[in-house]
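All figures in this text were calculated on a predicted structure; none of them were measured in a lab. Every heavy atom of this structure was used, including side-chain atoms; hydrogens, water molecules and symmetry mates were not. Below, chains carry the letters A, B, ... as their sequence lines are ordered, and counting in each starts from 1.
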There are 2 protein chains.
Amino acid sequence: MKGMSRTQGDRVEARARKSGEAAESLRAEEELAREAWAPLFELIQEQMRQFPVLAAEFELSPVQAHALRMLGYEPQPMSALAGHLSCDASNVTGLVDRLEGRGLVERRNAEHDRRVKLLCLTEAGQEVRRRLMERMAEPPAAISALSSAELRMLRDVMRRAVEKLGAPGGKPD
Amino acid sequence: MKGMSRTQGDRVEARARKSGEAAESLRAEEELAREAWAPLFELIQEQMRQFPVLAAEFELSPVQAHALRMLGYEPQPMSALAGHLSCDASNVTGLVDRLEGRGLVERRNAEHDRRVKLLCLTEAGQEVRRRLMERMAEPPAAISALSSAELRMLRDVMRRAVEKLGAPGGKPD
DNA sequence: TCTCAATGGTTGAGAATCTCAATTGTCGAG
DNA sequence: CTCGACAATTGAGATTCTCAACCATTGAGA
């Protein structure tokens, strides 16, 4: 009921050791989390498998699509994009080269620091991104086949879940 | 295995046109599906981002990890793996070369057809796969932070959702 | 039986993606 | 002003990917 943010793992086990019943209950909850995670993970795998196909609809590689998604908000330095993509900075250079070559992205100099280059979408880039995001917002068959009641539950629970992630990118637009 | 992806949209609208009320209800349900999908998609993006890191824990590339996951059941021909990975057959050759080079996978000749080579995990491969799967079954913080009631709902709804996928790989083990 | 199109896998060319190490230009603290 | 830190780039080398061409085998039909 009170779904306070609860950093699990060690802390949970430490508390659990204080009482046999509590320990049992917590282990049950952990098991429950695994059970809930399993089908979710199935869906994720399926989506991961399809993502390259989806990106190809826009003649983008998976990484390019991901990058485009991340560049939707305000201009970001290359290093920030590298962070979002969890990859080396040197990787981003070539990636941006190709996106820039296609006229989807622009490098601009930051006035406060001449080392950094800010990435922003061009008009064309914004348009492609808009269509891409729209396409990605289409729920897959597995989801849209659920009943209204199920959808409502799913929505509410998942909203509460992602709230706890700190929500690095997803609200605007 | 043709175009399952786009089914719902058009068909829903076609049915909707038959009745004003029904149309409204269906549009509402579609909107609901989008609302439920959005936070789910957030989570998926986050997991996709983390997957390479997770695979690296086992010194595997993302594709290798995915392949290992798919090879858990019975021996499969290379073409089947290509299908699971949604990639060209020629791609699988090199991939399997490297996995075989590491002693995780074996090519065996199928007796019923001398063209096909069946892929099976070695002992070492099974062990790595076991640990990999165990690691992937750990729910992320966003999920395990939910309450028991929420987890139960999520589990039940998601189980019903993935049932409709035909479940190509996920039960055994 | 012989032929031949289709199939499973491999090879080679070429592009994109990735990491690591080294480089260049810039910033900021001592 | 100097020096370590930082942003981005470059270059080498590995992996992943697609496409086209290829080889061996299969299965079916003349």
Side-chain angles (χ1 to χ4, degrees), chain A residues 48-71 75-102 104-120, chain B residues 1 48-71 74-102 104-120:
Chain A
M48 278 180 57
R49 219 174 62 86
Q50 305 259 4
F51 189 67
V53 179
L54 194 155
E57 290 177 21
F58 299 87
E59 305 185 40
L60 294 169
S61 78
V63 196
Q64 288 172 339
H66 206 234
L68 221 55
R69 174 176 148 81
M70 285 306 157
L71 289 177
Q76 288 178 54
M78 322 249 316
S79 55
L81 184 55
H84 288 309
L85 266 48
S86 303
C87 72
D88 196 86
S90 66
N91 203 356
V92 176
T93 298
L95 176 62
V96 170
D97 281 348
R98 282 174 287 263
L99 287 175
E100 199 172 25
R102 273 214 230 166
L104 301 177
V105 161
E106 248 185 1
R107 280 176 169 98
R108 267 195 293 177
N109 294 327
E111 61 284 356
H112 68 290
D113 187 338
R114 261 179 298 179
R115 290 173 300 179
V116 324
K117 303 211 171 120
L118 295 175
L119 302 174
C120 28
Chain B
M1 188 184 310
M48 279 179 57
R49 221 173 61 87
Q50 304 260 2
F51 189 68
V53 180
L54 193 156
E57 290 176 20
F58 299 86
E59 304 185 39
L60 295 169
S61 78
V63 197
Q64 289 172 338
H66 205 202
L68 221 55
R69 173 177 150 79
M70 286 306 157
L71 290 176
E74 72 275 1
Q76 289 178 52
M78 322 248 317
S79 55
L81 184 56
H84 288 310
L85 266 47
S86 302
C87 74
D88 195 86
S90 67
N91 201 357
V92 176
T93 298
L95 177 61
V96 170
D97 281 348
R98 282 174 286 265
L99 286 176
E100 201 173 23
R102 274 212 230 167
L104 301 177
V105 161
E106 247 185 0
R107 278 175 170 99
R108 267 196 290 178
N109 293 329
E111 62 282 358
H112 67 291
D113 187 337
R114 263 180 297 177
R115 290 172 299 179
V116 324
K117 305 209 171 121
L118 294 176
L119 301 175
C120 28

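In this structure, B:Arg107 atom CZ and C:dG8 atom P are separated by 16 Å, rounded to whole Å. Across the protein-nucleic acid pair, A:Asn109 atom CG and D:dT9 atom C1' stand 14 Å apart, rounded to whole Å. For B:Lys117 and C:dT7, the NZ to P distance is 19 Å, given to the nearest whole Å. Residue B:Met78 contributes atom CE, which lies 12 Å from atom C1' of C:dT11 at whole-angstrom precision. One atom, CZ of A:Arg102, and another, P of C:dA16, lie 9 Å apart when rounded to the nearest Å. Atom CZ in B:Phe51 sits about 17 Å away from atom C1' in C:dT17, given to the nearest Å. In this entry the distance linking CG of B:Leu118 with C1' of C:dG8 reads 11 Å, nearest Å. A straight line from CG of A:Leu119 to C1' of D:dA7 spans 12 Å, rounded to a whole angstrom.
For A:Asp88, there are no salt bridge (charged side-chain N to carboxylate O under 4.0 Å, His left out) partners, not counting sequence neighbours. The side chain to side chain contact (heavy atoms under 4.5 Å, CB included) search around A:Ala110 returns A:His112, A:Val116, A:Leu118, not counting sequence neighbours. Applying the salt bridge (charged side-chain N to carboxylate O under 4.0 Å, His left out) rule to B:Arg115 yields the partners B:Asp113; only residues at least two apart in sequence or on another chain are considered. For the side chain to side chain contact (heavy atoms under 4.5 Å, CB included) test, no residue two or more places apart in sequence or in another chain qualifies with A:Ala56. Looking at residues two or more places apart in sequence or on another chain, you find a side chain to side chain contact (heavy atoms under 4.5 Å, CB included) between A:Gln64 and A:Leu60, A:Ser61, A:Leu95, A:Arg98, A:Leu99, A:Arg102. Residues passing the side chain to side chain donor-acceptor pair (under 3.5 Å) test with B:Ser86, sequence neighbours excluded: A:Arg49. For B:Ser79, the side chain to side chain contact (heavy atoms under 4.5 Å, CB included) partners at least two apart in sequence or on another chain are B:Pro77. Applying the side chain to side chain donor-acceptor pair (under 3.5 Å) criterion to A:Glu106, with sequence neighbours excluded, gives no partner residue. Every residue meeting the side chain to side chain donor-acceptor pair (under 3.5 Å) condition with A:Arg107, not counting sequence neighbours, appears here in chain and number order: A:Asp97, A:Glu100.
Side-chain contact between A:Met78 and A:Thr93 is present, with at least one heavy-atom pair separated by less than 4.5 Å.
For D:dA8, the OP1/OP2 oxygens have a side-chain nitrogen or oxygen of A:Ser79 closer than 4.0 Å.
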Return the polar atom pairs (N/O with N/O) between nucleotides 22-27 of chain C and the protein under 3.5 Å, or none.
| from | atom 1 | to | atom 2 | distance (Å) |
| --- | --- | --- | --- | --- |
| C:dC27 | OP1 | A:Arg114 | N | 3.1 |

Give every pair of a protein N or O atom and an N or O atom of nucleotides 18-20 of chain C that lie under 3.5 Å apart, one pair per line with the distance.
| from | atom 1 | to | atom 2 | distance (Å) |
| --- | --- | --- | --- | --- |
| C:dC18 | O5' | A:Asn91 | ND2 | 2.8 |
| C:dT19 | OP2 | A:Asp88 | N | 2.8 |
| C:dC20 | N4 | A:Ser90 | OG | 2.5 |

Open item on the list: Please determine whether side-chain contact (heavy atoms from CB on, under 4.5 Å) holds for the pair B:Val96 and B:Leu81, giving the CA-CA distance in whole Å, both sets of side-chain angles, and the decisive distance to 0.1 Å.
Closed with: CA-CA 10 Å; B:Val96 170; B:Leu81 184 56; 4.3 Å; yes

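Inter-axis angle, ends of the helix from C:dT1-D:dA30 to C:dG30-D:dC1, five pairs per end, rounded to 10 degrees: 0°.
Using a 4.0 Å heavy-atom distance criterion, B:Pro52 is classed as making no nucleic acid contact.
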